[in-house]
Structure formats: C-alpha cells, structure tokens
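One structure is given below, encoded as structure tokens.
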Amino acid sequence: MVATKKKFLSGVVGFWSDDHELVEAAIKMRDAGYTHFDSITPFPVHGMEEAVGIKRSFIPYVTFVAGLVGASLGMLLQYWISAVDWPIIVGGKPHFSAPAFIPITFEITILFAALSSVVTMFAVNRLPKINPPIIDPDLTSHKFALWIPETEPGYSPEKVEAFLKQLGAEDVRRVAEF
Amino acid sequence: MENTPVDTPNQYWKSLDEKYQTPEFLKTLENEFASSPLKSEDGQDGLARRQFMKLMGASVALSAAACVRRPVQKIIPYNKRPAEIIPDLPNYYASSWFDGTQGLGLVVKTREGRPLFVSGNAEHPLNGRGLSARASAHILSLYDPDRLKGPIFNSVNPKKRRNSLRADAKWEQIDAKVAAQLKKGDVALLTASYPSEHTQSLITSFLGKFSGKKYVWDTMTTESLREAQKISYGSAVVPSYHFDKSLLTVSLDADFLGTYLSPVHFTRNFNLSRNPEGKKMAKLISFHSVPSLTALNADDGYQVAASQQLGLALGLLQRVLAGKGTGLTAELKKFALTDEQLGFENGTLTTVAKQLLENSGESLVMAGGIQCESANAINLQLVVNWLNSALGNEGKTIAAQGSYQGLEGKSSDIFELMKQIDDGKVKTLIIHDVNPLYSLPASLGLEERLNKVEMVITTSNWMDETSYLANVVAPAGHPMENWNEFEFANGVHTIQQPTVRPLGDTRSFEDSLIMWAQAAGSEITAEKTFFELLKKKVSGIVGSEAEWFEYLQKGFRGEVAQGGSARSLSSAAASQIKPVDSKVEGLELVIFPTVHMTDGSLANVSWLQELPDPVSKIVWDNVLTLSPKTAKDMGIKDGTVVTVEVNGATLKVPAYIQPGQSNKVAGIALGYGRQAGMELAKSVGVNAAQLIQSVDGKLQYVGFPVKVTKTSEKIELAITQGHNSMEGRQIVAESTFKGYKDGKTGIHRHQIFSIWGQHKYDGHKWGMSIDLNTCTGCSACMVACQSENNIPVVGKKYVLQGREMHWIRIDRYYSGNEASPDAVFQPVLCQHCENAPCETVCPVLATVHSDEGLNDMVYNRCVGTRYCSNNCPYKVRRFNWFYYDGHHRKENLHMALNPDVTVRTRGVMEKCTFCVQRIKDGKNTARDENRPLKDGEIKTACEEVCPTSAITFGDLNDKDSKVSQMFASQRQYTLLEEVNAAPRVRYMAKIRNTDRVMSSAHDANEKHKEEHT
Amino acid sequence: MIERKQLILGNKTYKEITDDICEPVESSPGRGWIALFFSAKALFLFYIVSIGIIVCTGMGLLGVNHPVGWGTMIVTFVFWIGIGHAGTLISAVLFLFRQKWRTSVARSAEAMTVFAVMTAGIFPLIHTGRPWLDFWLIPYPNQRGPLWVNFRSPLLWDVFAVSTYATVSIVFWYVGLVPDFATIRDRAKTNLRKKIYGILSLGWRGTGRNWSHYEMVYMLLAGLSTPLVLSVHTIVSFDFAVSALPGWHTTIFPPYFVAGAIFSGFGMVVTLLTLVRIGFPKFKDYITIDHMEVMNKIIMATGMMVGYAYGAEFFIAWYSGVPYEKYAFINRAVGPYWWAYWTMVTCNVIIPQIFWAKWARRSIPIMFAVSIFVNIGMWFERFVITVTSLHRDYLPSNWGMYAWSRWDAAILFGSFGMFLTIFLLYLRFFPAISIAEVKPMLYVGRKSKDAKGGHGGH
C-alpha cells in the first residue's frame, strides 16, 4: 500500500496501448529498482501484480474472522431469545431447538463475511473518493499506463521521463496531482 | 312512515316486499352495499358490481389512510347499576322454549341484561342439559334486525281498495280498532299447537266472549298419530316413547333423532340403551325413503318408498303375527308387501320380524312425522299400534302415561276455516304462531279467502307472508320476552321466564287477548296482565311466594307421569285399517323437514342457514334429493337445476345426489324460500310447502307422483363436506358389537417415537374425549360454539369458496355401497396437539402452548401468514378473510356477542380455544371459594348442549376425572396418530350393532389389516 | 485439445468494445424501447393499485381459502425467487469454474437476479392477513417484552435468507459495476452524467493495487455467494419440506428446488438476452450464438434433473407406503388439477428435449419459445406443489378446491410489469455487459494477432 501524507501526489505517467507491452515494461521498471510505481489499467491485467510487485491481498483473513463472528452471534442470538429471555412451549420442541437454528446462523455468517470484505476492500482502496483527478479518460477504456509518484526514492521527473521513453512508452506526461 | 304501494300491472317484482315497496325493502336498498364484500344478511349475493366499484374507491382511499386496523368500539356504562346485576358476572335464568312439537327446559345465561347463551336445564326430565341446534340458535332470532319494532296497521293488500296504506301504530289505536271489530262477533282464531293450559283457557274464554272458534294447525303435524291412537286405544294422545327400555327400535321413516316429536329427549334416552360396554346394546333398524338423521344413525338401514310404508308395515305385522300363531285378514294380506316387491334381499322382513319377536316387550316400532303423511298415514299408524301391542311393547316402551301434551293440530281445521270464510261466517280472523300463507300451498286458495275476511289480525313478529294480508299486525314478541308455563309432557310443568325486556314495542299474544277483551268491554280476567294471571294460577298450585321463586329457580315442577297399565288394543282397530291403493308409477315426492330448518320459522337465523344440514352438509340452499341411481338414469348431477311438478304446482330447484335414498322417491325439504319479512332468508331455496297436496280434506306430504325434468341450468351447491369417503384411512374407527365383544375395536395403533422428550404439564392438563358411538351428528354443538365464541357467518358465496368459520365441524362419512351406505359422524375441533404443527411454523409466535397444554391463539399478535392452517393435519383453523365482525354491528345483532370472547378482526387466524374463557371462569370461581376445581365443573359450550354427552372435557392430571377414565378406555384412539401431533382430543370408536360383516373403513393396506386390534 | 471458440466476434479493439457497450447508455432510446417501457410501466401501476385494493379489502379477494391457505402469491414468490438464481450462479459459480464465456452474460444475469428478488420480495410481505404488521417478523427489542419471534419457523428463515441474498447479490453486482461506471464517467460528455456516474463509480482509478484487492474481493464474494445461492432456495423449499403436509414433507425438495431454480433462471436469461440481442444489435458480437447455446445446454440438463425429481417423488411416495403421501401424488397426476401437473411436465421435461438437436440450440426463435415454455412450466411447478398438495390432505371431509379469482391474475401478471420496468431502465442506464470483464476475453480464440491472446484474462 502507498502510505502518503498528502492527499494527492504529483508524478510522471507513461502510456501504452497494449496490455502485454505494459507488463513487460513494468517488469523492466522493477528490475531497474523502482519500488513505488504502479500501473493504471481499464481492466485487471494478467500478471500485473507480479510485475509491479504487489503482495497478495490480506482481505481473506478479514472475511474469515467476520464469518466466525457472524456465526457465533447468530447462534447466540437465537439461543438467548428462545431459551433464556422468553422460554415458551412451541410445538412440543425444546426451548433450544438447535437444528432449527442452523439456517439463520448460516445466513448471518455469509452476510457478515460478504459485507465486511467489501467494506475492507473499499477502505484499503481509499474508496469512495470525491472526484479524484483523472490523468487521462482513456485509461478506463483502452489505454494503459505506468505511474511513478514523487514518493519514489531518488525521484526526479526528467530521469523518470527518459526511462519511460526508453521502455517504449508511446507518450509520457508529468502530472500535477493523482 | 307511510308508503303507497307501487303496483302497476306489468311490473315484475322479486318479492312481496319489493312489490309493495315496504320500509324494510327501501331500507335494504339504502344499506345494500355493506362495509365489506361479505353481506351477512344475504345468502347468495356476491360482489355486486356497484358494491365492487364502491369497494375499489373505499380501498384506494383506505390505502391512502394506511389501512384502518381496528374498528372504533363504543361502550355504554351503567350510570345506575340494577341491584341484581354485577357487571362482568353472568346471571342465569331457568326458562323454556317450545319448538313446534318439542318442548325444552332451558337455562339462559344473561350478561348485563342481555341473553347470550342457552343451555339445557340439567335437571329437566325431558331434555336435561341437552339442546337442539334450533334451541341454541333461537337466541339470535331475539336480536333479529328484521323483527317488527311495534304494532302496525297494514292493508297493503292491493286487492283491498280501502286504505291501501301501511302505518306503524300505537297499541291504543290497535286495541280500539280491534275491539270495535271484535264487537261484531264471528271471531276465528287460527293458531298452532301450544301446550300451555293458561294460554288455552285464556283463548277459550276469549273466544267464548266473541262467539269465536279455534282452528289449530301445525306444519309438523301429529294428526294421524293421534287419530290412530284414538281408534286403537280410545284416546287421541301422543304417547311417550321409552327408547331407554327398547333393545330393538324399528323406525318406519320416523326421524325421532332429528325432527319427529321431541328429538332431544329421544336422543338422550336412545343412547342410554346403547352402551357397548353393557351386556346388551340396543339396535336401530331404519326403513326410510329419504335418509334422515335417524336413518344415518341406524345400525341397519333399508330404502323404502313412501307409498310402500303401509305395505312394509303390514308385511312385518304379517310375519310377527305368524310368529305368534295368528294372522292377517285376507283383505289386509293383499296389501302386505314381500321382500321382492320392496326390493330387499330375501328374508329381510322375516329376520326383522324375528328380531322383533325375540325382543318382545323390549322393542319399539315407530312411524310418524311428515315423512309418513301419505294417503295411508292413519292406516300406517294403526298397523304400528297393532305391531307394538302384538309385541307387548305397549305400556313398556310406548305408553299413554307421560304423553306429549297440547299437540292438537288438524289439517281438517284449515278446510273447516276456509269453509267458514266462504260462508261469510268469519268477520275477524286472528292468526297466532302460524304463517299459513307460507306453510300451506297457494293452491288451497287461502289468500283470496283471507281477503274476504273483514279484519285479519296476525301476531307475527315479522312482516311475513301472512302479515302482508293482515289488516293489523300485533307482534307478540320473542319467547325470551314473554312469560308462560307449559306442560310439555304429562305431569311436567316448565316455566318460561322472560330474560330480557321486550326489545321493541311488542306485546305477548296473551296480553293482547286480555287488552282486546277489555277494550271490547268484556273482561276475560280480573288480572291486568297475563303474568299476574299466570303467577296467581301457579302460586295457587306451588304455594307461597317463596315457593313460587323456588319454582322459578328450578324451572320446572312435577314428574313425567309413570306407571299405569298397558292399554289394550281395541278389537275394532283392525277393521279400521282401510288401505288406500297408493301405488305410484315412476318417481314419487317426499317432503321432509330438516334438523335445522324444520318449518322455517327460524329461517332468518343466520346460524341455522349456515349450519350444514347434518345429512347432506348443504348450507344456504334447498335441494331436490335423488338417489345416485335415479340421478344417473336422468343424467342429473349435483347442482343441476330441475323443475319439480306436482298437479300444476311447479318449483325450480337444484338437485342433490343423496346416497342411501330410495330410487323411487325425490325428496325436498321444508322451511326454505321465505318470501317476505326476512331479509336474510329471502329467496334462500324454494318453498316446498307449495307442493303439499290436499286430498279429500287431508293434507298429504309424501307418496304422490312427481314430474322431475332436468334443465340446462346449474347452481353451485355450498357443501361443507369436501369428500364423503374416508379413502380407507383411519379417521373414524368402527367395529361391530359382536366384534367388540371379541375384543375388536377396529382401531389400528401405530408405534410412535419422537427425538424430543415431552414437556411436563403439572397443574391442570386439559383434554377432551369425544364418543363417536353416542354422537348422532345433531349439530347442536356447532351452533352452541358459534353462539359462545362470536363466530361470524359468511354467506353462501363464501362458503362456496371454502371460507366457513365454524370452530367445531361435524364430518359425515359414508362407507359401503352408495345405494345403502353406513354413515358415521365425527365432530372435529382443534385437537390441542402437544406437538402442535401449527405452532412450529408460526413466525411470530402467535400460536403457542399454555402451561396447561392449551394451544393458544393470540389474535392480536397474528399477522396472518396462514402457515399454521396449512400445517394443521386436521384443518381446524379458520381465517378472517374479510372484516367479518362488521355484520355483528348491525342493529341489535351486536347484542348477541359474548363479551368474554374477543371479536376477531380482519386478517387473523382463529380456532377452537377449548372455551378458554369458561376455563378461566371456572378456575376463578374455585379460587374465590378457595377449593380445588371439581371435575365436570368446567364445561365447554359444545359439551354443555350435547344431548348424549358425547363430549367430555376435563383435567387429565386428575386421575379420577371422567375424561381420564375415557382416555383409559380401549375404544379410545387418536385421530391421525401416525402424524404424532399428540392431540389432547381423543375419540372413542363407534360400535355398530349389526350382524352384517362390516368392511373396515380403515383398509389402507394388508399390513394394517393384520395389526388391527 | 479442441480449439477454443472465439468469445468476442468481429475483431474488435479495446476502444470499440468500450464504445459498443456504452452506446445504449449514451444514446437516446429508440421507439421500440419506449413502447416496451411504457406498456411495462402501465402494467406496473395496475399492479400497485391491485395490491392496494387487496391489502385494504382483505386476502379474501384472492383464491386462497380453507384448505388452500397459500395460493398465487406464494406460488409467484417462489417463481421469482427461483428466477433470481441464474444470475448469481453465472457470476459466482461459473466464475469459480473459470468459465470465460460467462463474462458477456454475467452482468445482465445478475441484474435479472437482483430485480427478480426485488419482485419476489414483495409477495411474502403482501400475502399476510395484516401486511402493515409484517415488521413483527423481525426480532427487534421491544417494550411489550419479552416478545420475540419464532426461530423454528421456516418463514422466519425465509426472512433472513431472502434479505441476505438480496443484500449480497446487490453488493456483488455493484462491485462488478464500479470500474464500468468509471469508464462511463470518463467518457461522459455532459456534466450531469459525469457527476452521476462519478458518484456511482466511487472515484475508481484502476491502479494495480486497486485491481489486486478488487479481484480478491470479487473472488471472495463469488465463493460466498455460491453456498448462499444454494442455501436460499433450500430454505425456500423448507417452507414446504419442513411442514407436515403430504406432498410437502419431502427430503428431496432442497436439491429439487435448486435445480428448478437454475432451470427457470436460465430460461429467463435466455428470454431476456434474445430480446437484448434484438434491441441492441451491436451486442450480438458479445452475446454470441455460442453463449446462447451453452445456456440452452444447461437448460436441458437442469430440465432433466427436475424431471428426475418428479419421478423420484412418485417412487418415494410409493416406496414409503404412507397412504396419505401416495394419495397426494396420485392426486397430482390424475386429480382435479391433472392439467396443471401435465402442463408442468410438458413444459419442463419434454419440450427442452428439443435441445438435443444442435440446430435447435442455435436457433434464436426456438430457444426463445422454449424459454417461454420453461417459465410457464416452472410457475406451474410451484402451483402444483403448493395448491394440489393443500387441496386434498389428511381428512377427506375438508378437501376443497382453490377459488382462483381475477385478483390472482392481476397479481401474477402485474408482477411482470414491475420486473420489466426495472429491467428496461437498467438496460438504458447501466452498461449491460461488463466492460472490464469482457476486455480480457478479447483475444480468446482469435486466430489473428499472436498467440498471447490464448491466455488472456485473469
């Protein structure tokens, strides 16, 4: 994750129109010792994580824990209500009719797990953002880019621009904030 | 108010009301569109178009108003409390009710001065605690919105030119007018049998004063019976029958369990001798044309056409006499029928005769009721008398002592009256307690004759068919509003106490007589009112004031006359039997009464209209019953409209296929097709009385040819019984008496296990046992339940859609062949299952178990998913599809509501509660008197009125309670045991006393057969 | 190794894909759409009025009665819930199985799911006697106390299952939409559109890190939705299976219902997509005949599963030796409602058999007709289960018939008005094909260019 003080960063962007070339460029870039750069693509490009060097997402753990919480809460709620707070004879069944409580427990588990993972995802992706700066509208359509922010160690726009050109970027721009 | 009649010649009209544009009719126009699609006061009507439009509007408006949930209820507090009334606590009054031929001792429960519920007077020698469905229901006719509010001057009869107006009047005006008329003399009084010596003596002295004559006629006639008794034994009595002493009863179309004479009393006695645990069990053999309640309860039943009754009786007599070494005269032999002629299998008559002889002195042969009013009615009764005497039953199972009193109706009186009118010998005609223009066929020409009479006075409480042709309508009020004392059976006097002030400005018939006589200047009694007269007379007998009140509390005095020697059959009797050859080619008609409608006098009581006929289970309609074979031959199905024609009189009526009916007859019930005065009953069914035949000065109800022609029309019949066969399931377990003695109960028991343990119920544990052997299906419990629990009535349209609301229903199943099936009755109510399937599935816990094991229904928690009803194996839950309690708020009807029971709102489920309000009441009383609850102290409404005590309610934790003992009986079984709902209601197997090999109803598969115990 | 069929026809470029898919959103609607929309809308309004009248007059207007306590409303509820299964199935289960072809139909299928569940959700609410008290089914703390709900009741399970399913499938669908909204936002000409889609896209940027978390969550959701989608219809089937009624009390119901749901779901997908293809000819390159064919295969397969269930029911009814059970099923086939039963069998089992023939699988008119029959058949399946089981149960005395009224019809057809209205709106305002998901499929099976397309995609 990019940890930044500033809301937006300035940096340099290099554009490609083919996803495979982008992957290759990214690999080269990492080999060249760049660490803080990232890709911007209209769709998830196969192999990009490795290329840019992104760790596997941690969200599954959140999901798992949330699921456990949901399950135990669900069962507890039903137990407390039907056996503790208001024990009443229903259809000759015991107050704590465990088998009958399974379905709801299950549903609550799923609900907790699903919602919490989505919320976490939005959180770590810093979403929602109120109209964030857009580098180029085509980046959500058919263009691909590599983005090197100012936080890159030993960052100097000129050097980066040159390197990007050398990598075969069709177009290189400086961006005030992204 | 005054309306001039709209009577343009070529204007069609649905009813007299409409024709004469009476206030009632105009009123119905105004409130034709009731507050919900349910029109409680109208059987047929559906969503009338305009009503529908109105609803649309209303509903849209409502949806804006976010759906009104509960109605606003008005309450009226006492501002001065009457001494004897403690708000919230009921008062009970001993009283009585006379229903045509049957007299019943009642206890009337009142709350804050309103009669709410009637039960039998437990000590009463005739009916005891038992009641008939009509008796439970007649309380609603007290609150009938169509009852006249006061006296009326009425000459709407267009044929009378003078004052063709109708006007509400004051009693003073009425009295003056009547008195003036009475002075002219030539008074005739047409009335029904009325076993009150006080009334009768009053009538006698009244008529004496005005050179008047009394004419008596009953729809439910006992004429032939009395005639025959006179010829055979010398006195024209209606003898008392002792079924409890009879081991073999042979009924020749005598519906003594349903409609004949005193059914409740009979039913009660009948079951005393039918206890299967005893050494001997009484047997009932029924020969019937149209199956009656009695026929359906018979151990052996045979079909016989009405015209064959005499031949059959003679056939029996012949064989009985043969058994005793004597014989019939050749004259009579000619008429005796053989098995072949009757279509029985060979030897039937001989067997029956043999059994009769075996039980000489302990058997009873019975014929009677209008099903026997054929050309040979008297002859039939004579033969029956002969049979009983020959068998030595006279004086044992049938006796003159304790005979039924005051039954004196004669059809000859009607003809005599008409003759008198023709001769201009009647200036004033007072009609009391009968409705001749409804109960008698138009062909008699009574209508024209009434018009010839200067003044016709009726005491009817409705603007009914007769009232329309009367000049003066002087409503006599409801029995519950008037005093009287009856002698139903010789020796027993029963008081009739009013239990409410007259709701309208009505005046009892007796008081009217007194007032009129006074006004005419000739006193007939020193007393001002009939009550004073009555009290004076009775006190003279019972003694002091204190004893008078004692009497009022007890409700009756004296015993049924007993003892005395058997009467000897007059030697002339035999020669008096002069059979008329009444052979009928093709179909013959049988006009019969039904348990709930009988003479139609209570036709305006919605509870009765919606009470399924115990035999056919049809509601809200009259039908022509045909045997399956006949119907098949004629290509007629249920609901096919047919035209019935007898000597010019024709009716259009839907047909109904009645299993177990004689192929030779078509049957039609009385009591339907009211034309006027009764909004609710109006045009429900057709009036079969129009088909009654008058043959040389006698009225015939049965045994004459009828022409039935099928039409293309079809009417849907509202039948509450979905299916007539048990489909081989164990629903009613049944065994023969022989089999039972060999330990066969016909019950197949299942091994049941559950993964859960049962809950413990310490304290009370309510349970109910229902004995299918004693239940006759009389349906009194259904009406009692309706009355106790404020159960709404929904009308034909909604019964057709399966929306009836009864908490207890009586299932009637047939088994065997449809030509002559066996029938069983089974009351089904909420079974209060310990593992209640309904509770498990209710999402909001609106139905749960109480710690006394009751299956509670929490109305105000119910959201109405109806899942409970779906999951109920017994389908005893009822849903409020519309805002049903709306119709209770109709004028006066709301007064019939039991304040102890919630009135359910729209959209909630309801069902039997085991009368939880009575349980609470019983427990409170016990607590207040700090003593333990006594067994049998708490009685559910259904249990309370059951004439045979087939229903027993009580505490299962009390080992000695009656219900616990019943649960221990080997006849006890659980309905749908294999579902393991563990019901708290158990049934006792039916035992049929027959020698036939019964096909066990429960023959699901071979394995089951073996396991039968 | 059989060579792979091309998933996207007409040698598109990434740009063309974006343009094609965004076109319906950015252009103004044609006559056909407008006509369809307003008729659907009219039906929807009629639906609302009918519900209003029924709620305020009483359930009695419908055919429900004693003994048939559940009717059209529950039948149609199960019908729509069933349809609401294909979407999640396609997007979740096929995703887990890495079925590339799913990408071009997933979006619309999910949309259909969401809308079908919305439509279905209405019924349990309005079928109660006192709908204004429905909130009593939610276990909320209150001062009437203690006053809670019954967790043993399948109806309560429904409340949780259906609401969970609705929530999760909406979230799942929305997560899928976010990048596409971003695309539309960036292409937006007008300011208003920029704002609206800007908000909808939550300011998505599409950096590598975003994508990596995004894909992870997408997979998690897929993983969670799969058991969820199975559980939902299982629980719906519990409404029947858990009861004591012959014909309902059946252990085969859960799998049987799920199979039926997938079956009807795909039926509805085919119905809708054939229409979409007609409405937006450009989509033919993305939703190709091959896609339709695959779905037709699934229809036939699930159809036969359902057919198997029908058979199994009868076998068990006979094998169990329970007279009530036996009668219930004989009654289905030859009782007064035989016509409903045989309509069901014909539509669900017999007619789909035509898909054995390749030409039939690939013929738009035929598959459209079949899909319609499948929809009809599946409605009747629920009718048969609900009504014919109820109308003749244990005690013959209270056997009866369902009293079908015009209100039942109003409710049934009105619900289609609601569904179509929403779906038509969706076609106009949402990208009907997942842009971000189809792009990686661009080179799949393409001869031209180079081999690398072979391993395009995730």
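To find a chain, count down the sequence lines: A is the first, B the second, and so on, and within it residues start at 1.
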Bottom line for C/F135: the part with an atom under 4.5 Å from chain B's heavy atoms is neither
At a heavy-atom separation under 4.5 Å, does B/L800 approach chain C through its side chain, its backbone, both, or neither? neither
Against C/H66, only a single residue in B/R877, B/K875, B/R803 fulfils side chain to side chain contact (heavy atoms under 4.5 Å, CB included); can you say which? B/K875
Would you mind telling me which of C/I51, C/V322, C/D239, C/D158 has the largest number of heavy-atom pairs within less than 4.5 Å of chain B? C/D239
Heavy-atom distance under 4.5 Å to chain C: side chain of B/Y813, backbone, both or neither? side chain
Engaged part of B/S869 at the chain C interface, taking heavy atoms whose separation is under 4.5 Å: side chain
Report yes if some heavy atom in the side chain of C/Y324 is under 4.5 Å from a heavy atom in the side chain of B/P873; otherwise report no. no
I'd like to know which of B/C872, B/A981, B/G864 tops the heavy-atom pair count under 4.5 Å against chain C. B/G864
Of the listed C/Y327, C/F151, C/Y402, the one with the largest count of heavy-atom pairs under 4.5 Å with chain B is C/Y327
Tell me, side chain or backbone of B/F879 under 4.5 Å from chain C's heavy atoms, or both, or neither? side chain
Using a cut-off of under 4.5 Å for heavy-atom pairs, which of B/E804, B/Q826, B/R878 has the most such pairs with chain C? B/R878
Within the distance-only criterion (no hydrogens, no angle test), does the side chain of C/R130 pair as donor or acceptor with the backbone N or O of B/G907 below 3.5 angstrom? no
Would you compute the distance between atom OG of C/S405 and atom CD of B/Q801 and round it to the nearest 0.5 angstrom? 8.0 Å
Measuring from B/F882:CZ to C/L61:CG, what's the distance to the nearest 0.5 Å? 4.5 Å
Is it true that atom CZ of C/F314 has more than 12 heavy atoms of other residues, nucleotides or ligands lying nearer than 6.0 Å? yes
Kindly indicate whether the side chain of C/N150, heavy atoms from C-beta on, has any atom under 4.5 Å from the side chain of B/V848. no
Do you know the tightest heavy-atom contact between B/E727 and C/P396? CG-CG, 4.3 Å
With a 4.5 angstrom heavy-atom cut-off, which part of C/V64 approaches chain B: side chain, backbone, both or neither? both
Most contacts with chain C, counted as non-hydrogen pairs under 4.5 angstrom, among B/R812, B/M909, B/R809: B/R809
From the list C/A403, C/G400, C/P131, C/P154, the residue making the most non-hydrogen contacts under 4.5 Å with chain B is C/P154
C/D134, C/L147, C/L62: which one forms the most heavy-atom pairs within less than 4.5 Å of chain B? C/L147
Tell me if a side-chain donor or acceptor on B/R729 pairs with a main-chain N or O of C/Y394 at a distance below 3.5 Å. yes
When rounded to the nearest 0.5 Å, the distance separating CH2 of C/W136 from CZ of B/R861 is 6.0 Å
Got a sec: does the CH2 of C/W338 have more than 12 other heavy atoms crowding it under 6.0 Å? no
Interchain contact, B/V844 with chain C, by part (heavy-atom threshold 4.5 Å): both
Heavy-atom cut-off 4.5 Å, strictly under: side chain, backbone, both or neither for C/W248 against chain B? side chain
If you count heavy-atom pairs under 4.5 Å between each of B/N871, B/D811, B/N870, B/V863 and chain C, which one has the most? B/N870
Given 3.5 Å as the limit, does a donor-acceptor pair link the side chain of C/W70 with the main chain of B/T865, or not? yes
Residue selection (most heavy-atom pairs with chain B, distance under 4.5 Å) from C/L156, C/V149, C/L245: C/V149
Tell me, side chain or backbone of C/I74 under 4.5 Å from chain B's heavy atoms, or both, or neither? neither
Measure the spacing between CD of B/Q721 and CG of C/N398 and express it to the nearest 0.5 Å. 8.5 Å
Enclosure of C/H249 NE2 (heavy-atom neighbours >12, cutoff 6.0 Å): no
Nearest 0.5 angstrom please: B/I810 CD1 to C/S397 OG, how far? 11.5 Å
Value rounded to 0.5 Å, distance of CZ in B/R866 from NE2 in C/H127: 5.0 Å
